[in-house]
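Heads up: the structure comes next, in structure tokens.
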Amino acid sequence: MGSSPIIGFSIHLGTVAPTDTGSIPPWVSTGHAIPVLVEPKTSGEPYWSGWALAGDSRATAVASHDGVTVLLAGELYHRAELGSVVGETADGLSDAELLLACWLRYGPSGLRLCNGRFAAVVAENDSVVVATDHAGTIPLYLRTRPDGVDVATEAKVLAEGAGDSFPAPGTEPAPGLTGVRRVQAGTAVTLVPGSTVAEAARTWRPPHHRLIVSPDEAMNRVADVLDKAVRTRLGGPHDPVTAVLSGGIDSSSVVALASGGGRPVRTISLGTDIGDEFAAARVVAEHLGTRHHEFRCSSEELVRQLPWAVAAAEIVDAEVLEYLLPLVVLYRMVPNEGTRIVTGYGADIPLGGMHRTTERLHSLDEVIAFDMGTFDGLNELSPVLGSMAGHWTTHPFWDRDVLDLLTALEPGLKRRDGRDKWVLREAMRELLPTATVTRPKLGIHEGSGTSSAWSQLLRRVGVAESDLASVKTAMAAVFHRRTVREQEPPGEVSFDDVLDEVMSEQNLAVTR
Ligand code: AMP
Ligand code: MG
């Protein structure tokens, strides 16, 4: 793992020689552009043309050997294990080279071995495989054309272009964009550029079974698997690491494990005039001795950055945007580009942490199964949330091994003694202050006041309580149209203009 991976890419795989690599469109990710041009070695192989973005101008995006070419955005987290089965020491190999070695030994099913945060394109003979990691944490989009296929990690890059893609298996329409399709999570789609030949294979599915293990064993296993997920995400031993810390059990666990072994960790917390969790975060930062920073932003300023959150996540779901907005705002406040950021995001999904009032274990397990079956396409873990500010983000709770274990634990280990996320809290008891271990869950949109800030702004211009949800949904759709479909830079999209547009569309009077 390099500390600065390939952040994203846009590639055309075609049947005719390209004239150039294409220019980088108005693009929200920040990085060094690396041209990608690959000539076919034998007839039938596709031409590659396009570019990749990296945090480091010396990065190489593509690895090739024996007629197989690999492009990998992101990183792999079990390099040593993968090296051991492909007969190479992983040291010195880039993640793209490691995936290539894996492919040469196992073929496409090698993708089932990979635990990482990645989106990959692999070409062999006349076929191209486009693949997401187990949870699709790097969204991957494609548009098929008569002369090939365009593949990109941001949908907005593919927004311009006529015609419909054919509905390749393993893909779904991207919201609001005709002809752009998103590769599903944990899926490898094999295509023949320029044809409608395609098939899909699943590389991962959330476990449906549940494990019975003793509470002690469960705690130990959670502590071990999470510790490894955090360690493999920290970069080199001297690389600085930053953690977004709310002071809740999820982010505090990540910071505790990252600080183990004396590594210096910087922690950052966001608050607004409406709310903050600064006191809770400070308890953790002091206990663990991190270099801690508090950022405060007015709730109005926060909400006005919604176009950035939409441009990054490329979704239209207003509720999910409320979770993502504070993080997007916080990432934009981090000064040095190229920061590696770890988060506690996502622990609640396999542990059922959002369902605080769900009393019965049966219902708790049902909502966990539902949430694990429906996360795909929400783009909550998209690297673009951070990469548009030039940073790389990673989420230990959605490590494949962590997710497998947490999802599969029987629900009585998740809700126990009247406490949510019991097994995680107990696993971290030795490392964190008791106040942190027992602190009730507060969602990021609640702690930062995001949900209420957006509502307040709408109420102030006269939106009735019963119209709040529909106005938010309509605004999200307009932000999406402008920043994704029309590729307008998010900084040029005015919150007030969009609000006015939506109000007049819905025949609501603005009282400003
Ligand atoms: P939550 O919805 O509280 O589970 O938040 C998800 C993740 O976002 C947490 O685990 C933290 O890493 C981060 N986070 C949440 N709230 C804040 C905050 N106010 N400041 C910094 N990071 C936060
Ligand atoms: Mg929280």
Side-chain angles (χ1 to χ4, degrees), residues 137 226 229-230 233 241-259 265-285 288 290-299 301-302 305 309 312-313 319-334 339-356 371 375 378 380-382 385-386 389 391 393-399 402 406 420-421 424-425 428 432 435-453:
T137 74
L226 188 60
V230 171
R233 279 167 173 73
V241 67
T242 294
V244 280
L245 176 66
S246 65
I249 188 64
D250 310 341
S251 54
S252 301
S253 302
V254 167
V255 175
L257 295 169
S259 310
V265 175
R266 176 173 66 161
T267 46
I268 54 176
S269 298
L270 178 74
T272 68
D273 48 299
I274 296 185
D276 68 61
E277 299 179 68
F278 285 169
R282 222 175 288 149
V283 167
V284 175
L288 297 170
T290 66
R291 196 152 56 83
H292 187 60
H293 302 270
E294 293 169 355
F295 291 89
R296 203 181 283 279
C297 162
S298 87
S299 54
E301 263 319 297
L302 182 103
Q305 293 183 58
E319 202 181 317
V320 176
L321 286 165
E322 288 183 351
Y323 304 148
L324 301 181
L325 176 62
L327 287 173
V328 167
V329 169
L330 182 55
Y331 297 153
R332 296 189 66 222
M333 289 170 110
V334 174
T339 300
R340 173 173 285 269
I341 299 175
V342 287
T343 89
Y345 204 93
D348 291 312
I349 302 170
L351 290 173
M354 291 90 72
H355 305 286
R356 282 163 272 184
D371 290 345
F375 67 81
L378 302 181
E380 287 175 276
L381 306 183
S382 171
L385 302 171
H391 310 306
T393 53
T394 177
H395 312 82
F397 281 102
W398 275 57
D399 178 271
V402 174
L406 294 186
D420 59 16
K421 296 190 272 193
L424 175 65
R425 295 178 190 278
M428 292 297 131
L432 289 169
T436 308
V437 169
T438 57
R439 185 173 177 241
K441 157 99 197 148
L442 200 58
I444 184 168
H445 55 304
E446 302 164 318
S448 59
T450 305
S451 306
S452 45

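Position 1 is the first residue of the sequence; numbering continues from there. Remember, it's 1-based here, ligands and their atoms both numbered in the order they're listed.
Ligand 1 lies within reach of S269, whose nearest heavy atom is under 4.0 Å from it.
Within the 4.0 Å heavy-atom criterion, neither part of S448 lies near ligand 1. The proximity of K441 to ligand 1, defined as any non-hydrogen pair under 4.0 Å, is limited to the side chain.
A side-chain contact (heavy atoms from CB on, under 4.5 Å) with S259 is found for one member of V254, T267, T290 and no other, namely T290.
Rounding to the nearest 0.5 Å gives a distance of 15.0 Å between CD of E301 and CZ of R296. From C297, atom SG reaches atom CE of M333 across 5.0 Å, with rounding to the nearest 0.5 Å.
Here the heavy atom of the protein found nearest to atom 14 (N) of ligand 1 is I444 CD1, 3.7 Å. Scanning the protein for heavy atoms near atom 6 (C) of ligand 1, the closest one is Y345 CD1, 3.6 Å. Protein heavy atom in closest approach to atom 9 (C) of ligand 1: S251 CB, 4.0 Å. For atom 11 (C) of ligand 1, the nearest protein heavy atom (residue, atom name, distance) is V244 O, 3.3 Å. Protein heavy atom in closest approach to atom 23 (C) of ligand 1: S246 CB, 3.8 Å.
One N or O on the side chain of R439 and one on the backbone of G247 form a donor-acceptor pair closer than 3.5 Å. Within the 3.5 Å criterion, the main-chain N or O of R291 finds no donor-acceptor partner in the side chain of R266. Under the 3.5 Å distance criterion, the side-chain polar atoms of H395 are left unmatched by any main-chain donor or acceptor of G344.
Taking a cut-off of under 4.0 Å to the non-hydrogen atoms of I268, the atoms of ligand 1 that pass are 21 (C). Near G344, meaning under 4.0 Å from any of its heavy atoms, are these atoms of ligand 1: 10 (O), 12 (O). When each atom of ligand 1 is checked for a heavy atom of D348 under 4.0 Å away, the hits are 4 (O). Within the listing of ligand 1, atoms 2 (O), 3 (O) sit less than 4.0 angstrom from a heavy atom of G443.
Side-chain contact check for L327 versus L385: every heavy-atom pair is 4.5 Å or farther apart.
Residues E277 and R282 are not paired through a salt bridge, judged by the lack of any N-O separation under 4.0 Å between the basic side chain and the carboxylate.
One side chain, D273 or S299, offers a donor N or O that lies under 3.5 Å from an acceptor on the other.
The ring-ring contact (aromatic ring centres under 6.0 Å, His included) test applied to Y323 returns H445, not counting sequence neighbours.
Nearest-residue assignment for atom 3 (O) of ligand 1 (options I349, L442, L330, V329; heavy-atom criterion): L442. Among L245, L270, I249, the residue whose heavy atom lies nearest to atom 19 (N) of ligand 1 is L270.
The Mg ion (ligand 2) has an N, O or S atom of L442 under 2.8 Å away, backbone or side chain.
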